[in-house]
2 protein chains.
Amino acid sequence: MTIQDERAESPGRPQRADARRNHDLLLRAARELFDEEGDTSMEAIAKRAGVGVGTLYRHFPRRIDVVEAVYRDDVDQVVAVAERDVATMTPWEAVDSFLHAFVTYAFGKRRFLTELREAFEKNPELRCDARERLEAAIRLVVERGQGAGVVRADVTGDEVFGLLGPMCTSASLTREQCDRLVGMVLDGLRPPVAATR
Amino acid sequence: MTIQDERAESPGRPQRADARRNHDLLLRAARELFDEEGDTSMEAIAKRAGVGVGTLYRHFPRRIDVVEAVYRDDVDQVVAVAERDVATMTPWEAVDSFLHAFVTYAFGKRRFLTELREAFEKNPELRCDARERLEAAIRLVVERGQGAGVVRADVTGDEVFGLLGPMCTSASLTREQCDRLVGMVLDGLRPPVAATR
DNA sequence: GCACTAAGTGGAGGGACCCTCCGTATAATA
DNA sequence: TATTATACGGAGGGTCCCTCCACTTAGTGC
C-alpha cells in the first residue's frame, strides 16, 4: 500500500525500526492535522510528527501520497469498527452504532474532500477499493440485522451506503442535521409493521 | 456580476476606458489559459493579457474571482449558442447543433473542474444560477423541437441536461466516446415510431 | 488646449508552500 | 567493534498568491 509496505516485502534488509516508527508518527500527525485544520502543509505534518521534512518526503514522496495513506487508514478504521460492532453487540445495536460511526467518519471528511478528489483522479483504483471495502462493511452489519429479523429485508447495504455517503458530503447539512437524519434512517430500517391499510 | 459591473452602476465617475479594455483582455486571457493548460497562474494570466499582476488583482481581487468570471462567461456563451440556433435553424437542426455545442463546452470544463468546485463552495449561488441558465437554454431548444413534433414529448429538457452534464464530467470517457453517445441520445430523442409489438 | 485629480497601472517583494539535495547520523550486520 | 546500507534533517530553489505604493493617465472643468 504505502512505500514502506512495499519495501518491507522486497528481499534485502528489512526496514529499519526508526523508519517504521517515523512512518507511523507521520501518518498519525497527518490525520490529526487534516481533521483539525481540514487542510495542512507538509512542513506542519513533519513538525507535528517531530521529524524533518526530508523524512516526510522519504516516506511519502508527494503530498498526494500522504492524502492517500490517510484515507486508506481511515477506511481501515471504519471497517474495523464494523467488525468490532458485529462481534460485540446485538444485531440491532451494531446497526445503530455502526451507522452513527460511519456518519461521524464521513462527515469529518468534508473539508478533506478537495484533496481526496485529487487523489482519486491520480489513482482511480483508490476510489474503487475504498468504496468496495466501505460497502462490504455496511453489508456486514446490515445483513446480520436482516438475518436476525431486526432490519427490513427490502433494502441492501449498498443502498444504505448510497443514501448516507452523499448526505454527509453535502455541504449544506450541519452535523446536527446529519445526526437527526441518521436517526430517521435507522427508524426506517426497522422491519415495517404489518400493513394496516 | 464582476466588480466592474458593480462599479459601473455606482453614481460617481464611470469606469475608465482603459480599465474596461483591460478587464476584457484579462477575461479573454484567463479563458484561453484555462482551456489550454487546464490550470494556470495569476502571473501567466496577466502576462498573456499584457498587463501587470497589480492590474489583474485590481479587477479580480482573488484567484477564485477569475475562475468565477470565466465560468459565468462560458455559461453566457452556451446560452447565446442556444438562442442563435433557435433563431437560425430548423427545430431539429437546432437540437442537434446545440447538444453538440453543449457537450463541447462541458467536456472542455473537465480539467477546470477542481477550480470550479472551489468557486461553487465559496459562492453556492453561482452553481444555482449557472444550472438554471443552462437548463433554460436546453429547454428552449428541446421544447421548440417538441412543439414542432421532431422531438419525443415524454422527456424534458432538464432531464437531457441531467443526462449529458454528468457524462461530460465523467473522467473515464474520452471525447470521441462523448460524441458518439450524443449521437445516440439524439437518435433517442426523435419521436418513437408507432409501437409495432 | 490645459491643469487638476481620481482612477488605474506595474512590478518588486513578502510569505507560504512543495519538493530536492546532500552532509550527517544511526540501526543492523558480521 | 567496524562496516555499511539505510534513514534523517533542514537549508534552499522554484513557484504561486497576493499586497503595496510610487508612478501614469483618462476624464473633467475652466
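So you know, we letter chains A, B, ... as the sequences are listed, proteins then strands, and number each from 1.
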Practice problem: Can you sort out the partners of Asp74(A) under salt bridge (Lys or Arg N to Asp or Glu O under 4.0 Å), two or more places apart, ordered by chain and number? | Solution: Arg31(A), Lys109(A)
Quiz item: Which heavy atom of Ala130(B) sits nearest a heavy atom of Val75(B), and at what distance?
Solution: CB-CG2, 4.0 Å
Quiz item: Does Arg190(B) have any side-chain contact (heavy atoms from CB on, under 4.5 Å) partners at least two apart in sequence or in another chain, and if so, which?
Solution: Trp92(B), Val150(B)
Quiz item: What residues, two or more places apart in sequence or in another chain, satisfy side-chain contact (heavy atoms from CB on, under 4.5 Å) together with Arg131(A)?
Solution: Glu135(A), Phe161(A)
Practice problem: Give me the residues of residues 108-122 of chain B where at least one heavy atom lies under 4.0 Å from an atom of DNA chain D, by number, or none. | Solution: none
Exercise. Applying salt bridge (Lys or Arg N to Asp or Glu O under 4.0 Å), name anything that partners Glu32(B), two or more places apart in sequence or on another chain.
Key: Arg48(B)
Quiz item: Expressed in angstrom and rounded to an integer, what is the separation of Leu56(A) atom CG from dT20(C) atom P?
Solution: 12 Å
Practice problem: Would you mind reading off the distance between Arg20(B) atom CZ and dT9(C) atom P, rounded to a whole angstrom? | Solution: 12 Å
Exercise. Grab the CZ-P distance between Arg58(B) and dG11(C) for me, whole Å please.
Key: 16 Å
Practice problem: Go through the structure and list residues passing salt bridge (Lys or Arg N to Asp or Glu O under 4.0 Å) with Asp179(B), not counting sequence neighbours. | Solution: Arg175(B)
Self-check item: By ring-ring contact (aromatic ring centres under 6.0 Å, His included) - contacts of Tyr57(B) (at least two apart)
Solution: none
Quiz prompt | Separation of atom CG in Asp65(A) from atom P in dT20(C), rounded to whole Å | solution = 11 Å
Self-check item: Aromatic ring pairing Phe60(A)/His23(A), orientation class (parallel under 30°, perpendicular over 60°, tilted between)
Solution: parallel
Practice problem: Report the distance from atom CG of Leu26(B) to atom P of dG8(C), rounded to the nearest whole Å. | Solution: 13 Å
Quiz prompt | Presence of Thr55(A) side-chain N/O under 4.0 Å of dA7(D) phosphate oxygens OP1/OP2 | solution = no
Self-check item: Any residue meeting salt bridge (Lys or Arg N to Asp or Glu O under 4.0 Å) with Lys47(A), in chain and number order, not counting sequence neighbours
Solution: none
Exercise. Heavy atoms under 4.0 Å is the rule here; annotate nucleotides 24-30 of chain D 5' to 3' with B where the base is hit, S where only the sugar-phosphate is, and - elsewhere.
Key: -BSS---
Practice problem: For Phe107(B), enumerate each residue passing the ring-ring contact (aromatic ring centres under 6.0 Å, His included) test, keeping only those at least two apart in sequence or located in another chain. | Solution: none
Quiz item: Can you list the residues that meet the side-chain contact (heavy atoms from CB on, under 4.5 Å) rule with Ala119(A), with sequence neighbours excluded?
Solution: Ile64(A), Val67(A), Leu126(A)
Quiz item: Which letters describe nucleotides 13-18 of chain D, given B = protein heavy atom under 4.0 Å from base, S = only from sugar-phosphate, - = neither?
Solution: ---SBB
Quiz prompt | Distance test, side-chain N/O of His59(A) to OP1/OP2 of dA7(D), below 4.0 Å | solution = no
Quiz item: How close or far is atom C1' of dA16(C) from atom CD1 of Ile45(A), stated in whole angstroms?
Solution: 15 Å
Quiz item: For dG8(C), does OP1 or OP2 lie under 4.0 Å from any side-chain N or O of Asn22(B)?
Solution: no
